[in-house]
Structure formats: C-alpha cells, structure tokens
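Note on naming: letters A, B, ... go to the chains in the order of the sequence lines (proteins, then strands), and numbering restarts at 1 for each one. No experiment lies behind these values; they were computed from the predicted model shown. What you see below is based on every heavy atom in this structure, not just the backbone, and it leaves out hydrogens, waters and symmetry mates.
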Amino acid sequence: MKKLMNAADAFVDEMLDGLVAAHPTLVREARVVRAAHAPKPGKVGIVSGGGSGHLPLFTGYVGPGLLDACAIGDVFAGPSVDSCIQAIKAGDGGRGVLRLYGNYGGDRMNFDLAGEMVEMNGIRTTTVLGTDDIASATPDEAAKRRGVAGIIYAYKIAGAKADAGADLTEVTATAQAAVDACRTIGVALSPCQIPGAAKPTFEIGADEIEMGMGIHGEPGIWRDKLRSADDVADEMVRRLLADPITDKSERVSVLVNSLGATPLEELFIVYRRVAALLRKDGRTIVRPLVGHYVTSMEMAGLSISIIHLDAERERLLAAPCACPFWRV
Amino acid sequence: MKKLMNAADAFVDEMLDGLVAAHPTLVREARVVRAAHAPKPGKVGIVSGGGSGHLPLFTGYVGPGLLDACAIGDVFAGPSVDSCIQAIKAGDGGRGVLRLYGNYGGDRMNFDLAGEMVEMNGIRTTTVLGTDDIASATPDEAAKRRGVAGIIYAYKIAGAKADAGADLTEVTATAQAAVDACRTIGVALSPCQIPGAAKPTFEIGADEIEMGMGIHGEPGIWRDKLRSADDVADEMVRRLLADPITDKSERVSVLVNSLGATPLEELFIVYRRVAALLRKDGRTIVRPLVGHYVTSMEMAGLSISIIHLDAERERLLAAPCACPFWRV
Amino acid sequence: MAITADTLRHAATRARDAAALAQDDLNAADGRLGDGDTGVMLRRLFEAVATAIPAHENDLGIVFQACARACASGTGSSLGTLVTVAMMTLAKATRGRSEIGWDELGGLLASIRDQMMARGGAKLGDKTVVDMIDAVASALAHCATRDEATVAAQKAAQDALDAFRARPNKLGRARMFGERTIGLDDPGMLAFSRLLAAVAA
Amino acid sequence: MAITADTLRHAATRARDAAALAQDDLNAADGRLGDGDTGVMLRRLFEAVATAIPAHENDLGIVFQACARACASGTGSSLGTLVTVAMMTLAKATRGRSEIGWDELGGLLASIRDQMMARGGAKLGDKTVVDMIDAVASALAHCATRDEATVAAQKAAQDALDAFRARPNKLGRARMFGERTIGLDDPGMLAFSRLLAAVAA
Ligand SMILES: Nc1ncnc2c1ncn2[C@@H]1O[C@H](COP(=O)(O)OP(=O)(O)O)[C@@H](O)[C@H]1O
Ligand SMILES: Nc1ncnc2c1ncn2[C@@H]1O[C@H](COP(=O)(O)OP(=O)(O)O)[C@@H](O)[C@H]1O
Ligand SMILES: [Mg+2]
Ligand SMILES: [Mg+2]
Ligand SMILES: [Mg+2]
Ligand SMILES: [Mg+2]
C-alpha cells in the first residue's frame, strides 16, 4: 500500500500541522486540537479523542456547535492520558466537560484516568461512549459495542445543546440519548495499512466483502463474494432497523459514509437504495449525510448510520455549526 | 477493483438519483443536473459538464454562487450534445450563458454544437475552457492543456461575478482570467476502473508513482519509485511556480485535492509542505482547500492547484456560495 | 441504381451488426492510446441509429436527420460527436431528395471531412478518422457505380490504415502518448474501415 | 538485599532492551488477534521510561512517579495505560521509602492487579495481562529473597502463558475473534513474561 508520507513516526504530527495550517479555526497544542474559541466561558465543554487515521474524525469536528477540543493518538492508537487531560482542560469553560468518544478499552481507561486527574483541578466531567456499531456485539451486550461513524451525530446534537446554554447534566443526557437512538453497520472491501507497518491491517480476497467489519479491521459478521450494491444496502438497512431501539421515530437522519477509498459515486448509488428502503419502511429522512465523515485512511468500504430523531434532536441537528468538514 | 454498484450500465443514472435524493437543492432532468433555483432571471448562467466519475465534479458544484446547471456523460465520456443543449437552456436566465468546462476534444465539440443550436433559440453563449494541467502540454502549447481540478476556482470566481450582476462579457472575462491565473499538477499512485471494464485504466507498479498523470490515466511526465511526500510536493510546487503566468501575485489560493483513495491524512501532510514552500517563496495563502474536490473514483494520488489572486478574484473567492461540497 | 432510403436502412442494420462484432477490437485499439471506449461507444451509437431510422420515409434528408438526432442524444464521445456531425452534414445536403447518385458520394464525404475538421480542429495528417475520410473521398471522386465505389473506398481505407500506422497520433488523448503510438492503428480509422467493409459487403 | 532505586534503574535499562528485542514477536502476536501494535508501543514506552527515570533519586515513590509520568504522556494503548496504572500504584505505595523488601513484591503486584481490574474492567480468566499478574502475585506471596522471587515469578508466568493458551480471549479487540484466539498467546501476557525474564536475568 503506497502512501504519500515522510517518516512513519512523523505521520501524525505532520498531518496535524497540515490540518491546522489549512484551518486556522483549529489550534494545535502537542497532541490536542482545540477550537480557536475554546474554552468558551459559561458553555459546557465537549471533548473527544481517539486514534489517528480516521479523518475528518476526530480533530476535524472541532468547531462552534461541535467539539471544543480533541485528544489525538498515533494511528489507530488512543491518545495518551496527558493528551486527554490537556484536551479536557482546553474544553473547560467553567461549567464542566462532557467526554464523548468511542467505546474502545484503551481510550476509556485513558479518558477515565484523565477525568479523575482533572477533578483535582475542580473540573467536573461526565462520559458518554459511542456504541453505535451493531456488528460488534449483540443487543443484549450493547454496552460492549464499539463506537464508529454514528458518533458525529452525537457531536452535533450535544454540541448544539451545549451551545444553547444547557448544563452538564442536560448535555450529557442529550448526548446519551443521541447515542442510544443511533445505529451503524459497515462493510469493508479492502484494507488499509498503518504507516510503517509491514502489511495491511487485514487480508481480503479480490472478490470478497466483509459485512460488519470494524474501522480498524475488527472481524465482522460474514465474509463472502462481492454482492450488488442494492443487496448489500438491503442487508445493512434490514439489520439496522431490526436492532432494538427504545425511541424509534418516523423521522430519521442517515449517514452513508465512505471508509476511505470508496468514491462518492458508490455512496450515492447506495444512498439511493437506502432512501427507498426507509421510505418503504414509512420513515422520512432529514438532513442526510453522504461522504467521507469517519474513515480508515485508504480502506475501501462504507458504513450506514441511522439516527432516530425526536423533535429536540431534529432541532439540534438543524442548529448552526461550523467545522472544516461539516457546516450547518 | 471492487465496486459497490449494480449493473454497470445503470452506474451513472443510479449515482445521479442518489445525488439529487440526498441534495434537494439539485434537480435532475435526464443527464442534466440543475440548481433548484435555475434559471435565475437576470443572472448570467454558468453551465459546465463532462464525464461522470469525478464527483464532486461536475454535478456537485451546482448551486448558488457556482454553477446553474451541468450536463453529465457516462463515466469518463463527455455529455451528449442533447444534454449540453438542455443544460444551457436550464441555465439561461435571459442574459446569456457561459459554458465553462474542461478542455477535452469530445466535450468541446459537443458544447460547441450545442451552443450553435441554442443560438437558434436566441440564447447567447460564450466559452471558457479549463486548461490548468501543466503536465498535459508545454507552456507554448498551453491551449492544448486539459482541464483538471483547478476548474473549481473558475466556477467559484465566475459564479460570484455572475451573482454580482455582471453581464456575459464580464463573467466570461473573469472566468478566463481565473483559468489563466491557475495551474495544476497531479501525481498518481494507483488506477481506477471504469464500471464494467475488464481492467483498470492503467497499470502501475506496487512501488511506483507517476508525476503529471491525467485524471483519466493520461500519461504524465515521469514514472519512478515512490518518493517521500516532501520530495513529491517540492517537485510539484516547483513546476507550478516555474510555469509562466502573466499575472503572478503575492496572494494565492491552493487546492490540495485527493484523486479518490488518497486519504485526508496524506493531503494534510502534503499541504503542510506546500504551505511552507509558498511561504518561502514569499506568497500568502488565502482560503486553502484540502480534500476530495475533483476525483477519479478510487484512483490514489493527489493534485495541487495554485491560483494567483488579484483583489477582485480574492473578493469573489470570498463571496457566499452553497453547493453540497463547497460552501462559503 | 442510386442510393435511396432503403439503401440507408439496409446499411444501418449492417453497421449496427458490424459495430457489435468490432466492439472488442476497437476497445482494445483505443485502450492502447486512449480510454478504451471506442468500441462500446460505437456499438451503442449504431444500435440507436438503427432503431431511430424511420421505416417509411423516402426523404434522405429526413432519414439522416433522424440518425443525427439519435447520435446527438446518444453519445458524448469524440468519435460519436463526429458521427453526429457527419449525419447532420448529410441531412442538410440531401434535404428534399429521395435519391443520390454514387458519383455524389465523394463530394459528400469531402464536406463531411471539412465539417469534421472545422468542428474537431483536426488537421490532415493528425492520424484521425478524418484522414481516412479524406482518402476515401478522393478515391470516390471518379466512381459512378456502386461496384466501383465499393472497391475504391475499401482499398483507400485499407491503404490509409496501412500508411498511417507508422506515423504518430497528433490529436486528443492519443497525442500525449507521442512516439508510442507509432505502429498502432488509430481506433477511429479502424472503426471507419470496419463499418465501411460491413456496409459495402 | 532489598529493592532500591538502583535496582529500578538497572531494571529499566534491561526492560528497555528487552522490549526492543521483543518488538517483532509482540507485534506478530497482537497482529493475530488485535491491531498488531503491542511491540512497537512497548518499545517506545520503555524507551521513554528508561530516559525519564531520575539518576540520583532514592525515594522509590518519586522514581515510580517519574515512570508513571513518562507513561502517561507517551502512550494511549490499552497495555500502555495499564503500565501507567501499575507505575502510579507503585508510586503511591512506595512514596517516602528508599527500599522495599522482596517479600513485599507479591502484595504490590496484587494491588496492581486490583487497580488494573478496576480501571480496565477485566475479570480474572479473561486472558489478559491481569491473569498473569495475578499468577505471579500469588507465586511471590511466600518469597523472601531475590533468588526465590526470580524463580517463582518466572515459573508462574510461564505456567500462566501455557495454561491460558488453550483458552479464548474474552476482552477488547481480541474478544471479537472468539474461538479463533484459542491456541494463541495473549500479547499482553507474552509481553509481561518477556519483560520479567529480562528484568530477572
Ligand atoms: N478532434 C477530432 N478530430 C477528428 N477525429 C477525432 C477527434 N477526436 C477524436 N477523433 C477520432 O476519434 C477516435 C477516438 O474515439 P473515441 O474513443 O470514441 O473518443 P474519446 O477520445 O472521446 O474516448 C480517435 O481514434 C480519432 O480517430
Ligand atoms: N481492559 C484490559 N484489562 C486488562 N488487560 C488488557 C485490557 N485491554 C488490553 N489488555 C492487555 O493489553 C494487551 C494488548 O495491548 P496493546 O496491543 O498495547 O493494546 P491495544 O489493544 O490498545 O492495541 C492485551 O493482550 C491484554 O493483555
Ligand atoms: Mg492499539
Ligand atoms: Mg472516451
Ligand atoms: Mg476513447
Ligand atoms: Mg494492540
């Protein structure tokens, strides 16, 4: 796998340098990216973080109405405890900080440790974990599910809630409700490679796809010959709709997300089918997203996320926000 | 090369269906996509078009402050004469239409034919051709150069000029000046495949890159072993700055564009270097763009475009615009 | 016997079948120096033409006009558009006539050549379909019968193909391959010679 | 002889060298059921620890605190964070002391185990580094000298590795590979046993 890069050890830092050079609304401090406006006094802070290699996630979603700061690790490795601490401090405007990130063991330990440490500085924190990937555990073990693309809905909704002046408890509850209302499933066609690694993250035949594979190549539900876009979309939507959700609603938003190499053309072919299926299921799509939102570098494949919207979530989704990769 | 698609013959139409389903600001009529607001009475229309397979180009740039309508062909094949006629009519608000598209033989013939035909309907048209790819011909044959990613600057600048109420002659001159002030060069790492084709558009070794390759796999300047991102960026910027331009300026905008599979991480690593080089060259970067703007489906590689900005172009670049993939 | 609407209907069917047969060869030829789509484009184009041609119309101009319309909506490739240009040229030249003589063919091809050059910007010698049309137009200049025309046109086409093979392409996508195009047939010329052979047979 | 700051400095150097040597093996083990980064992470981590350890400090708590700080800023991987937790636990437990006895080691390891379980949510039997630490802690419970401790710890580690190989991973990334993890060494356990061997030698 060819990459346009320099030394592998410099990959993340050079990437971050370029990101903030191109986007002056972002400020970099070591392995933390914060919004130029952060911390915003009187606003609940929202902080996220995770491994590199998923742009626009995580650092790309820093901005008004979204995240205040992000801790970022090496490619596919969590941020260090220090970075987590630093990000929480950068996001703290005096009303506490929500830690909103994906459910991965390492990240959880680090953000938890960091949370305890900043408490000594008098910063109140709460946690909401992205757990949208239905392929990563069964519904009765839903708390074990990993967080994937759907987390950006939680960013947007919690971000708007915080912007509206809600307190930490309210922002946390809103974020948790957004996670609870959102489900994602992915399909992978080809792997990616960690800079400096000797080989790709997984192997897959030239004519195979894997349903439910995770964004780091975690094993999925089945692997088989490539099928038509409609067949693949049908199964993904069926699985998403079948997964139990307490608060299903007629109005949903949908994210059809490229894992990297899969082009917009294919995303739109799939979106067309997803839209038809949801219509047939009696649902109305609000503010769909189609594009590169949460990737795994050059991995080919896509994910579909569906979030059920109550009136408040729909309003928060429509509230203004601005980051380099998503603007309302 | 695996694709999430259905029948190859349906690729373009299904893609267009999905595009307009996801983006209600776009309206599809056969192989034409027009802005919901088009035609806008009293505004000079701007119409583009070309082959499919380059999303967001062409159809993705339809919207206020950009294009009014687009004629779109099969993958990597120009739009038909009829589609060109239809697009021009869809863009005509009574003050004439600028045909602004890339310099490819087939597209030119079709848009020219179409232009003559709509003249019988009393629609005045002019033509500006994107010719930014410096690798496709030497400076003394600059008119033979093909149009690549840089054309989106011409869309933006001409679109803002038309929005400001300029007449057809002025909009045309502004678009031409934008093309004249812009240069692009690309580098390819791996090919793409036309849906239904038996093999990829070109072959390239697992450790090779090709400097100057075109967006359909047209041969470039050299092919060699992969080099570091900095080395590649250095050569690209050197070539771009060395190319003769009448109106060079201290202020420039830069587009670092993925051809498809190359992820944002690598784009930012390259942008970081490009920014440093331009700074060293005494230039100031205004409103840089880094992302997927003009692609060739799953091709890996990137292009760098530099446009020199006089005061008017800088102002027009900053004017509001809104399309699914670019908003100011 | 002159050329009538029936001649055209017959030719359209043969052209459609020939294009289908030649598809892979033409794609392959284009794949060596272009984007590999000449064959699939031509097949689709002549399917559209064969379908569009009116069954009971005698006015050659109207018949050619129908062909031109099918081409204009059916393709956006360079060669496809040149075929559209050819059909439009013929439509204008034969409007109101129900037959044309074989001796007029050379002159018609010459105007097609000129229109194509005006539209596409090719010069003679660039190694495009225009060079072959030029050669065939000259060869037909002194033919008065179908038999003469058939023989002369095919010979001229083959000679042009052979003569240009050793020269480089100087236009469009193929131009960029420069010297590497020497020894290869131009896909547009190859396409024309295949269609000619089918229609003449 | 008790454990002093010099013992730690010596151990840190050995751990750094052992981590560098083990890098590829650990990456490979993690590559079979995780993301293949255990080795490179551990090498970087122990490089940072070896550099961060203060040269002239006798307070064990302060020495461990320095190690903990290096870990906290140097890595975000699961195992790396567990090492951080271990260092913090040791720092708290030894604050103000310049030596600890070999007979205290088992108890310290037991608190590390408990802290790791509290932090990471692993249960005994999940086949993680925690299971090995648990085994080694028990084995050290009755050792009073360095020699006894060395032998007992290494035996316990090896036994744990052998015993768990036949069982499935039940935590984190590896959990998702389910039965396919049977027969494979857990990379965290493998890492611990390699470091232990190096430090004990
Ligand atoms: N401008 C032109 N003038 C004359 N002939 C042309 C021109 N452009 C292309 N051709 C002919 O068309 C052929 C290629 O056709 P085709 O593959 O359909 O076009 P495209 O290059 O658009 O894919 C060439 O071999 C050449 O003979
Ligand atoms: N929550 C946890 N509790 C205990 N041990 C863990 C936990 N998570 C991971 N480990 C240990 O860490 C090892 C993996 O380390 P490493 O590869 O550095 O982490 P990552 O999974 O973040 O890439 C596993 O083999 C296991 O022994
Ligand atoms: Mg890891
Ligand atoms: Mg073509
Ligand atoms: Mg072609
Ligand atoms: Mg690992």
Side-chain angles (χ1 to χ4, degrees), chain A residues 2-7 10-12 14-19 21-23 52-53 55-56 60 75 187 189-190 192 206-209 226 228-230 232-233 256 260-273 275-276 288-292 295-298 300-302 324-325 327, chain B residues 2-7 10-12 14-19 21-23 52-53 55-56 60 75 187 189-190 192 206-209 226 228-230 232-233 256 260-273 275-276 288-292 295-298 300-302 324-325 327:
Chain A
K2 284 176 274 195
K3 287 177 193 286
L4 279 169
M5 58 180 240
N6 301 301
F11 189 87
V12 170
E14 292 186 350
M15 175 272 279
L16 292 172
D17 283 343
L19 176 73
H23 299 292
S52 288
L55 280 178
V75 172
V187 64
L189 278 72
S190 76
C192 58
D207 57 349
E208 287 181 333
I209 54 172
L226 182 60
S228 75
D230 285 357
V232 171
V256 175
T262 293
L264 276 170
E265 283 79 9
E266 297 174 38
L267 300 185
F268 283 121
I269 287 174
V270 167
Y271 177 75
R272 162 200 134 274
R273 182 72 169 193
L289 301 170
V290 181
H292 296 75
T295 67
S296 295
M297 296 181 292
E298 67 278 12
L302 56 81
F325 304 95
R327 236 179 75 189
Chain B
K2 283 176 274 195
K3 287 176 193 287
L4 280 169
M5 59 181 241
N6 301 300
F11 189 88
V12 171
E14 292 185 350
M15 174 272 279
L16 292 172
D17 283 343
L19 176 73
H23 300 292
S52 288
L55 280 177
V75 173
V187 65
L189 279 72
S190 77
C192 59
D207 58 349
E208 287 181 332
I209 55 170
L226 183 60
S228 76
D230 284 358
V232 171
V256 176
T262 293
L264 277 170
E265 283 79 8
E266 296 174 39
L267 300 186
F268 283 121
I269 288 174
V270 167
Y271 177 75
R272 160 202 136 274
R273 183 71 170 191
L289 301 170
V290 181
H292 296 74
T295 67
S296 295
M297 296 181 292
E298 67 278 13
L302 57 80
F325 304 95
R327 236 178 75 188

Carefully, step by step, assess B/L267 and A/L55 under the rule side-chain contact (heavy atoms from CB on, under 4.5 Å). CA-CA 11 Å; B/L267 300 186; A/L55 280 178; over 6 Å; no

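- With a 4.5 Å cut-off on non-hydrogen atoms, B/F11 touches chain A through its backbone and its side chain both.
- Neither the backbone nor the side chain of B/V12 comes within contact range of chain A, judged by heavy atoms closer than 4.5 Å.
- Interface summary for chain A: among B/N6, B/T262, B/D230, B/L289, the most heavy-atom pairs under 4.5 angstrom belong to B/N6.
- Interface residue B/A22: backbone and side-chain heavy atoms are both found under 4.5 Å from chain A.
- Neither the backbone nor the side chain of B/P324 comes within contact range of chain A; no heavy atom of the residue lies under 4.5 Å from a heavy atom of that chain.
- Interface remark: A/V256 contributes no atoms to any contact with chain B (heavy atom separation under 4.5 Å).
- At a 4.5 Å heavy-atom cutoff, the contact between B/L226 and chain A is made by side-chain atoms alone.
- Ranking B/L19, B/D17, B/L16 against chain A, the residue ahead of the rest is B/L19, based on heavy-atom pairs under 4.5 Å.
- Of all non-hydrogen atoms in A/F268 and B/M15, the two that sit nearest each other are CB-O, 3.5 Å.
- Here the closest non-hydrogen pair linking B/H292 and A/H292 is NE2-NE2, 3.8 Å.
- With respect to chain B, the highest number of heavy-atom pairs below 4.5 Å among A/M5, A/M297, A/H23, A/R272 belongs to A/R272.
- The candidate with the highest count of non-hydrogen atom pairs below 4.5 Å against chain B, out of A/A206, A/G260, A/A275, is A/A206.
- For A/E266 (side chain) and B/L4 (main-chain N/O), a donor-acceptor pair under 3.5 Å exists by modelled atom type.
- Rounding to the nearest 0.5 Å gives a distance of 8.0 Å between NZ of B/K3 and CD of A/E265.
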